[in-house]
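Data first, discussion second: the structure below is written as structure tokens.
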Amino acid sequence: MNDPRSRIPGLDRLLLDEGARAFLAQFPRPRVADALRAAVASAREALARDEWPHDPADPSPYLDEAGRRLEAESRPSLRGVINATGVVLHTNLGRAPLAVEARVAMARAAEGYSNLEFDLDAGGRGSRYEHCRDLLRECTGAEDAVVVNNCAAALVVVVNALAAGRGVVVSRGELVEIGGGFRIPEMLTRAGAALLEVGSTNRTRLRDYRAAFEGGVEVGAILKVHRSNFRIRGFTESVEIEALATLASERGVPLVHDVGSGLLVEPATLGLPDEPTPARSLARGAGLAVFSGDKLLGGPQAGLVVGRSHLVERVRHNPLCRAMRVDKATLAALEATLRIYREPETVRDRVPVLRMLTRSADELEGAAEDLATRLRLLPGIGPVSVEASVGRVGGGTFPDHELPAWVVRLTPAAGGVDALAARLRTGVRPVVARVENGALLLDPRTVGPDEVDALVGAVGEALDGAGQG
Ligand SMILES: *Cc1c(COP(=O)(O)O)cnc(C)c1O
């Protein structure tokens, strides 16, 4: 009766080991002790099942395991990943990466105090809403602008400010779910307005909107929602902004347009299909346009409300605006991003989202070939090929639009592709890639030139892990 567990070194003995001393130089003693205790506990369980492949008296496996635990614990939960999916606006991966200018401005705002709500000229209280106001006016032609947390919040505060206790007229073809369970009809009700749905899923005419005014419910606003993430084809009809604007002004109610993606340049200049822009929406008669900061605008998460000053004023003074206010770092990043749009000819190079979206097929093919050449040199790699593919913009925008894409297709020499993808996700520098038809696909569109080394390194490490089972 010699229980192997009795040969496990005690905690005091382990803490004196050279390996533990290295941990103690980096982590507080109680954390090192906890990690060693946990390592020993899992070893005890393995020993009880007769599944411990080491000499129980050997301290190094416990120290190795404790090291892994300490490293995992100290790793931030939210961390950078390499997006090798090719989906530019990947909501799960944080949507828009920011321009250098925006990152610098954000770090500066975070670093010290700022004039966030302080008027430096007057020496008294200022407004955080001032900072991006003029730039937003310039970019959209609006009279006034206000910034909240995201576009969903913008819509809630706008509806509450303009139509609480009254009705909002909206086409049945636009009662969409935007993603993450955000549904327009529920949102209108939560914002305190009655939903006055008109028309049918595929066809809504001007006379349908007109009839809503005769239904006995006082109308607070007409809302048009851009069907960002899906399209209706075939026997369809909808009412253009101009006609809705005329009706709205006849009836003395505001027209609100949820534009969604916030493209601040004409889509044709980027080779993209037509998409409403806030500037066009306002020029065509919308009283307010709302849109996201982190979709095609390419800035931080924010919800932008632009339009007529008397309407923006009502939004700004609504208590929900305070509840949904944006942080200084966001405002700094947004301002820096908007400044880029003052030099339209540089936008494509300086706003990462637009740069990635407009990379040419030739450039992407070259990038895929270069990546493939490097990957073929990795030990443990199987066949690697480069092939034409189809990319998507993502972020619930341009659902039909196919971007020309080139991808690297690879399989490991040994082990499964799913296991390889899992090791890539959980490595020191996580990589998110697509798995398709038994192969791993790496799309270079969303991999920055400064990330290629890390990507190749990560694949090398994941393949190395395959060799060890
Ligand atoms: C994406 C989208 C929203 C939500 O924007 P967030 O900034 O993610 O809150 C609202 N409306 C439309 C039409 C959208 O496309």
Side-chain angles (χ1 to χ4, degrees), residues 87-98 132 136 140 145-160 168 170-191 193 195 221-232 238 241 244 255-264 267 272-282 286 288-307 315 320-321 323-327 330-331 333-334 337-338 353 357 392-401:
V87 178
V88 175
L89 290 173
H90 200 304
T91 300
N92 300 148
L93 301 184
R95 282 202 192 150
L98 297 180
C132 294
L136 280 167
T140 63
V146 67
V147 183
V148 293
N149 242 316
N150 52 39
C151 186
L155 204 50
V156 169
V157 63
V158 162
V159 167
N160 187 267
V168 172
V170 56
S171 160
R172 287 199 172 85
E174 296 172 5
L175 294 176
V176 302
E177 173 166 329
I178 283 152
F182 182 80
R183 291 177 167 167
I184 295 288
E186 285 165 16
M187 187 283 305
L188 295 179
T189 319
R190 290 297 179 106
L195 172 64
I222 301 176
L223 173 66
K224 187 163 178 69
V225 182
H226 177 52
R227 280 190 288 259
S228 298
N229 51 7
F230 73 107
R231 294 286 179 263
I232 295 184
S238 60
I241 289 285
L244 287 179
L255 170 64
V256 176
H257 191 188
D258 177 3
V259 180
S261 67
L263 194 55
L264 293 183
L272 290 170
D274 201 28
E275 167 89 2
T277 67
R280 240 193 293 146
S281 169
L282 296 181
L288 287 181
V290 299
F291 54 101
S292 283
D294 58 348
K295 289 184 181 169
L296 293 170
L297 192 156
Q301 181 194 300
L304 287 65
V305 182
V306 298
V315 172
L320 287 179
C321 195
M324 292 162 182
R325 80 178 184 191
V326 272
D327 172 60
T330 302
L331 283 169
L334 182 62
T337 308
L338 291 171
V353 163
L357 279 176
R392 300 277 170 198
V393 180
T397 64
F398 298 107
D400 285 341
H401 187 58

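On a predicted model such as this, the values are computed, not experimentally measured, just so you know. Every number for a ligand or one of its atoms is a count from 1 in the order of the listing.
- Taking both residues in full, the closest heavy atoms of V315 and C321 are given as O-CB, 3.3 Å, listed atom of the first, atom of the second, then distance.
- The atoms of ligand 1 that sit less than 4.0 Å from any heavy atom of G260 are 12 (C), 13 (C), 14 (C), 15 (O).
- With a heavy-atom cut-off of 4.0 Å, Q301 does not touch ligand 1 at all.
- At distances below 3.5 Å, at least one donor-acceptor pair connects side-chain atoms of R227 with backbone N or O atoms of G173.
- Remark: side-chain polar atoms of R183 are not paired, donor with acceptor, to backbone N or O of L175 under 3.5 angstrom.
- Residues S281 and K224 form no side-chain contact, since every pair of their non-hydrogen atoms from C-beta on lies 4.5 Å or further apart.
- Taking any N or O of D294, backbone or side chain, none lies under 3.5 Å from an N or O belonging to ligand 1.
- Every atom of ligand 1 is numbered from 1 in the order shown, and the set under 4.0 Å from a heavy atom of K295 is 1 (C), 2 (C), 3 (C), 5 (O), 14 (C), 15 (O).
- Residue D258 approaches ligand 1 through these ligand atoms, each under 4.0 Å from one of its heavy atoms: 10 (C), 11 (N), 12 (C), 13 (C).
- When only interatomic distances are considered, the shortest N/O to N/O separation between S292 and ligand 1 falls below 3.5 Å.
- Residues passing the side chain to side chain donor-acceptor pair (under 3.5 Å) test with T397, sequence neighbours excluded: none.
- The shortest separation from a heavy atom of R227 to ligand 1 is not under 4.0 Å, leaving the residue out of contact.
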